[in-house]
Amino acid sequence: MEAYKTKMVERIELPDREERETNLEAAGYNVFNLDAEDVYVDLLTDSGTGAMSDEQWAALLRGDEAYAGSESFDRLEAAVADVMGFERVVPTHQGRGAENVLYGALIDEGDVVPNNTHFDTTRAHVANQGADPVDCPVDGAHDPDEVAPFKGNFSVERARERVDRVGAENVPCVVLTVTNNSAAGQPVSVENTRAVREFADEIDATFVIDACRFAENAYFVHEREPGYGDESIAAIAREQLGYADALVMSGKKDALVNVGGFVAVRDDDLFERVKQRAILYEGFPTYGGMAGRDLAAMATGLREAVELPSVRDRVEQVRGLGERLREAGVPLYWPPGGHAVYVDAGAMFSHVPTEKFPGQALACELYREGGVRAVELGEFAFPGAERPDLVRLALPRRTYHREHVEHVVDTLAAVAERADAVSGLEVVDEPEMAELRHFSARLQPV
Ligand code: F0G
């Protein structure tokens, strides 16, 4: 049973086949270059694309735009304390702003930072400090077929190996990303979180949680981790985040807003350093790059995030999409993550070699077939990473209905049926920074 009904609507339209073909060509076979109004179901990202609740819109109108000491900031501070258990909060314009502020205060040149898997912007911010980002996923995290409850976990063993080599004094922090976006949105268990806490203590490092999708993660713990079936999502989230020394948060995910983020810390000294950097890069520490109204909406969204009906709707919708696609015979990373289903384009287009970007070919076919926009996370986005050629279908929160999900399933099934006829792509124009190529490069069919 859905936990919402609609109060406001937005028109969408499926351009006809000929228009889609023209749009795709004009976009250089890169769906980032499409106009959103030409997309029918937009699954590019779950970041900042969700629908706010009536309570959030009401909070927005009550936003206090004072430069310093805004009442909306007080609301956010109280929500972070109640929901996440952190008393010291500094808002930022979004998640990467939080990363810049916190990692700049923690990391020095030459340091090493272990993470279950770095998200792109996290990796870039660690590298930007002159440090070495080291991924420590568990075995099977990148195996589309291995079924396990917590494939997002952090491998303490892998991290220890690296720390033993470089010396604990060069490891200022250990980061745990929940859910693990770069490992197909897989969850992290509370048991694993406790193990990372012990490891951080052992090497005297600050334990940071990237909490973007903390509520989805708590839902999986509630469902899958022994001993947590009777615990509320709110209690699980508080316990899990309770092991950390600091949080980086993109409010655009589980805080249910279109923009915003924050850093939360326990230590007074770190709090001071974070505030100074926030003033430099984001804004005065009681607004940090956000309008008062957006702080207020984020405070309300954080409280809604841990309500069971809200998070259950969300994770079950994603899972439903995964199950329907599997029934239709589409090769997937399994099980589905909390925010997205990942299609194994390499398996679907086994005749297209990796260097001809089977994932990007699928992203293009989804638009051509049904006006659906998804994102490639394989060879095109991560050249040479030797990861499976996956395409992510990320569902915005509280936005699409069952009919939209059915349309996505029908679209994928139609593409799968004529998979043999799909050709690969080659890059014809790309930006200077290889890391950013998938956002703007232009391609052509081969
Ligand atoms: N950390 C994780 C795990 C993320 O997934 C993201 C963003 C960020 C940090 C950065 O947050 O966008 O607010 O600056 N992920 C989006 C995505 C962009 O599509 O997965 P941001």
Side-chain angles (χ1 to χ4, degrees), residues 31-32 36 42-50 90-104 113 115-128 133 135-137 141 152-154 173 175-188 208-217 241 244 246-264 278 281-282 288-290 294-295 297-298 301-302 305 314 318 333 337-342 363 373-378 381-382 390-397 399 435-436 438-439:
V31 295
F32 275 100
D42 201 346
L43 307 185
L44 189 65
T45 178
D46 66 323
S47 182
T49 49
V90 179
T92 59
H93 74 285
Q94 60 182 79
R96 64 201 72 184
E99 292 176 335
N100 178 38
V101 164
L102 180 68
Y103 296 137
V113 176
N115 190 322
N116 43 347
T117 317
H118 287 82
F119 178 69
D120 325 8
T121 58
T122 320
R123 178 181 305 283
H125 276 295
V126 169
N128 197 37
D135 287 342
C136 304
N153 278 354
F154 181 104
C173 57
V175 185
L176 187 65
T177 308
V178 303
T179 57
N180 192 342
N181 187 8
S182 301
Q186 298 297 301
V188 174
V208 181
I209 292 186
D210 178 333
C212 287
R213 299 179 179 88
F214 76 103
E216 290 167 10
N217 199 87
L241 302 179
L247 306 179
V248 279
M249 179 74 187
S250 167
K252 302 172 75 169
K253 284 84 171 176
D254 275 352
L256 302 169
V257 284
N258 303 117
V259 76
F262 55 85
V263 175
Y281 294 107
E282 298 287 323
M290 291 178 73
D294 290 327
L295 294 170
M298 187 159 72
L302 258 187
R314 157 89 183 139
V318 173
Y333 181 104
H339 67 300
V341 174
Y342 294 69
R373 179 155 66 171
V375 69
E376 195 267 4
L377 294 174
F382 306 110
L390 300 179
V391 169
R392 184 182 77 172
L393 308 170
L395 281 160
R397 293 167 183 77
T399 303
E435 293 85 355
L436 302 180
H438 58 299
F439 294 116

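Scope of the values below: all heavy atoms of this structure, side chains included, with no hydrogens, waters or symmetry mates. Indexing begins at 1, ligand by ligand and atom by atom, following the structure's order.
Heavy atoms of R96 found under 4.0 angstrom from ligand 1 belong to the backbone as well as the side chain.
Among the candidates Y103, F119, F154, the single residue satisfying the side-chain contact (heavy atoms from CB on, under 4.5 Å) test with V175 is Y103.
With ligand atoms numbered from 1 in the order given, ligand 1 contributes 8 (C), 9 (C), 10 (C) to contacts under 4.0 Å with heavy atoms of T121. Residue contact check: T45 has heavy atoms under 4.0 Å from atoms 17 (C), 19 (O) of ligand 1. Atom numbering of ligand 1 starts at 1 in the shown order; those under 4.0 Å from a heavy atom of C212 are 1 (N), 2 (C), 3 (C), 4 (C), 9 (C). Atom numbering of ligand 1 starts at 1 in the shown order; those under 4.0 Å from a heavy atom of S250 are 11 (O), 13 (O), 21 (P). Interface of R392 with ligand 1, defined as ligand atoms under 4.0 Å from a residue heavy atom, comprises 17 (C), 19 (O), 20 (O). Numbered from 1 in the order shown, with element, the atoms of ligand 1 that lie under 4.0 Å from a heavy atom of T177 read 3 (C).
Salt bridge annotation for R314-D254: absent, with no cationic side-chain nitrogen under 4.0 angstrom from a carboxylate oxygen. Between D46 and K253 there is no salt bridge, since none of the side-chain N atoms of the basic residue sits less than 4.0 Å from a carboxylate O of the acidic one.
Distances between N or O atoms of T179 and those of ligand 1 include no value under 3.5 Å. An N or O contact shorter than 3.5 Å is missing between L44 and ligand 1 by distance. Considering backbone and side-chain atoms together, D210 places an N or O closer than 3.5 Å to an N or O of ligand 1.
The nearest heavy-atom contact from the protein to atom 18 (C) of ligand 1 is F119 CZ, 3.9 Å.
For the pair S182 (side chain) and H118 (backbone), a donor-acceptor distance under 3.5 Å is present. Remark: side-chain polar atoms of T122 are not paired, donor with acceptor, to backbone N or O of D120 under 3.5 angstrom.
Nearest heavy-atom pair across L247 and L241 is CD2-CD2, 4.1 Å. Across T117 and P137, no two heavy atoms sit closer than the pair OG1-CB, 3.9 Å.
When the options Q94, K253, K252, E99 are ranked by their closest heavy atom to atom 11 (O) of ligand 1, first place goes to K253.
Taking the six-membered ring where the residue is Trp, F32 and H438 present perpendicular rings, their angle passing 60° and hence far from 30°.
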